[in-house]
Amino acid sequence: MAVFSRCSRAATAPTRIATATFAYREPKGRNVQWVFLGCPGVGKGTYASRLSNLLGVPHIATGDLVRHELASSGPLSSKLKEIVNQGKLVSDEIIIDLLSKRLGVEAAKGESGFILDGFPRTIRQAEILEGVTDIDLVVNLKLREEALLAKCLGRRICSECGGNYNVACIDIKAENGRPGMYMAALPPPPQCESKLITRADDTEEVVKERLRIYHEMTRPVEDFYRSRGKLLEFDLPGGIPESWPKLLQALNLEDHEDKESAAA
Ligand SMILES: Nc1ncnc2c1ncn2[C@@H]1O[C@H](COP(=O)(O)OP(=O)(O)O)[C@@H](O)[C@H]1O
C-alpha cells in the first residue's frame with residue numbers, strides 16, 4: 001500500500017475562508033483530508049462532491065469504487081454484486097485495496113488531500129486509516145430517520161451522463177412540538193428523463209438492511225472520531241438550498257460562486 005504513507009501533520013480545525021479559485025490548505029501546507037459519515041440517503045455524496053469542487057480536492061466515494069469494480073468483468077465483480085445487492089458491507093481487505101489503488105492514481109496525478117465519502121465504515125477501517133494518515137475533520141451528516149428511506153428510494157442516476165437526481169419530495173408536517181421539514185425533489189433535466197436508472201441496492205428491503213448495518217457497524221466509527229475531538233455533527237435542516245449555506249457556515253467556508261450567482 002504505497003499510497004498509505006504516514007503523514008506527520010497535526011490535525012487542525014478549519015479556520016480560513018475558501019474561495020472556488022484557491023484550494024483550501026491546512027496550515028502545514030497540504031490540502032484537507034476530510035471524511036464524510038452518515039446513513040444511506042443522507043446526502044453524503046451530494047455535499048462531499050460540492051465541497052470537493054469548492055476546495056479543489058478529489059472526492060473519493062468508496063461506494064463508487066465498488067460500483068466501478070462491479071461494472072467491470074474482473075474476478076471480483078460477481079462476488080461484490082452478491083454482497084452489495086444484499087446491503088452488506090464489502091470486506092475491509094477489499095475496500096482498503098480499492099481505496100489504496102484510487103489514492104495511488106491521485107498521488108500519481110500530483111493530487112493531494114481528499115474528501116472521503118463512505119469510508120471508514122467500520123472501526124477496523126478507521127484504525128487502519130489512522131495508522132497511515134491524519135484526518136483533519138469528520139463531518140457527520142444527520143437527517144431525520146423518516147426521510148432517509150424515501151430519499152434512497154427516490155434516487156435516480158442518468159445512465160448517460162452519470163448525473164444524480166432525486167424524485168422524492170419530502171414534506172414532514174410539524175407535530176407534537178417537532179418542526180416540519182421540507183426537501184424538494186431534484187428532478188432530472190429533460191435530456192436525462194428517459195435515461196434514468198435506479199441502483200440495484202436502492203430497494204426498500206435492501207435500504208432497510210443498509211440502515212441496520214449502518215447502526216451496527218458505522219455508529220461506533222462516529223464515537224471513534226468523537227473521542228478524538230474530530231467529529232463535526234451537522235443536522236441537515238432541509239434540502240440543498242437550506243443546508244448548503246449552513247454547512248459552509250459550520251465549516252467556516254464561503255462559496256463565492258454561489259454568492260455571485262445569487263447576486264446576479
Ligand atoms: N467503506 C466500505 N466498507 C465496506 N463496504 C463498503 C464501503 N463503502 C462502500 N461499500 C459497499 O458499497 C455499497 C454502496 O456504498 P454507498 O454508495 O456508499 O452506499 P450508501 O448509500 O449506503 O451510503 C455499500 O452498501 C457496501 O456494500
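Quantities reported herein were computed from a predicted structural model and do not represent experimental measurements. Atoms within each ligand, like the ligands themselves, are counted from 1 in listed order.
Between E175 and R178 no salt bridge is recorded (no basic side-chain N to carboxylate O distance below 4.0 Å). Between R124 and E127 there is no salt bridge, since no side-chain N of the basic residue sits under 4.0 Å from a carboxylate O of the acidic one. A salt bridge does not link E193 with R156: every distance from a Lys NZ or Arg NE/NH1/NH2 to an Asp or Glu carboxylate oxygen is 4.0 Å or more. One finds a salt bridge joining D136 and R30 here, because a Lys/Arg side-chain nitrogen approaches an Asp/Glu carboxylate oxygen to under 4.0 Å.
Here the heavy atom of the protein found nearest to atom 1 (N) of ligand 1 is G118 O, 2.8 Å. Looking at atom 15 (O) of ligand 1, its nearest protein heavy atom turns out to be G63 CA, 3.5 Å. With hydrogens left out, the protein atom closest to atom 21 (O) of ligand 1 is R210 NH2, 2.9 Å, a heavy atom.
Contact between R155 and ligand 1 is present, with at least one heavy atom of the residue lying under 4.0 Å from the ligand. Contact analysis leaves I83 out of contact with ligand 1, as no non-hydrogen atom separation drops below 4.0 angstrom.
Interatomic distance, I83 CD1 to D201 CG, rounded to the nearest 0.5 Å: 12.5 Å.
When R121, E69, Q86 are checked for heavy-atom proximity to atom 20 (P) of ligand 1, R121 turns out nearest. With I96, I95, V206, D117 as candidates, the residue nearest to atom 10 (N) of ligand 1 on a non-hydrogen basis is I95.
For the pair R228 and F224, the cation-pi test (distance below 6.0 Å, angle within 45°) is passed.
Note: an N/O pair closer than 3.5 Å links V90 and ligand 1 by distance alone. Close N/O approach between K88 and ligand 1 is found [any backbone or side-chain N/O within under 3.5 Å]. Polar contact with ligand 1: absent for C39 (N/O pair, distance under 3.5 Å).
Those atoms of ligand 1 that come under 4.0 Å of a heavy atom in R67, given as number and element, are 14 (C), 17 (O). Atom numbering of ligand 1 starts at 1 in the shown order; those under 4.0 Å from a heavy atom of F119 are 1 (N). Those atoms of ligand 1 with a heavy atom of R199 less than 4.0 angstrom away are 14 (C), 16 (P), 17 (O), 19 (O), 21 (O). Atoms of ligand 1 lying under 4.0 Å from at least one heavy atom of Q125, given by number and element, are 1 (N), 2 (C), 3 (N), 4 (C). Residue contact check: V84 has heavy atoms under 4.0 Å from atoms 27 (O) of ligand 1.
Between L153 and V207 there is a side-chain heavy-atom pair separated by less than 4.5 Å.
S72 contributes a side-chain N or O that, together with a main-chain N or O of E69, makes up a donor-acceptor pair within less than 3.5 Å.
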For residues 142-151, please give each side-chain donor-acceptor pair under 3.5 Å, one per line with the distance, not counting sequence neighbours.
{"from": "K142", "atom 1": "NZ", "to": "E233", "atom 2": "OE1", "distance (Å)": "2.9"}
{"from": "R144", "atom 1": "NH1", "to": "P179", "atom 2": "O", "distance (Å)": "2.7"}
{"from": "R144", "atom 1": "NH2", "to": "E146", "atom 2": "OE2", "distance (Å)": "3.4"}

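Members clustered with I157: I197, by chain and number, using a 4.5 Å side-chain heavy-atom cutoff among hydrophobic residues.
Using a 4.0 Å cut-off between heavy atoms, K44 contacts ligand 1 through its side chain alone, with no backbone atom that close. Of all the heavy atoms of L89, the ones lying under 4.0 Å from any atom of ligand 1 are found in both the backbone and the side chain.
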Step-by-step salt bridge (charged side-chain N to carboxylate O under 4.0 Å, His left out) determination, K101 to D97: CA-CA 6 Å; K101 280 185 191 141; D97 189 46; 3.2 Å; yes

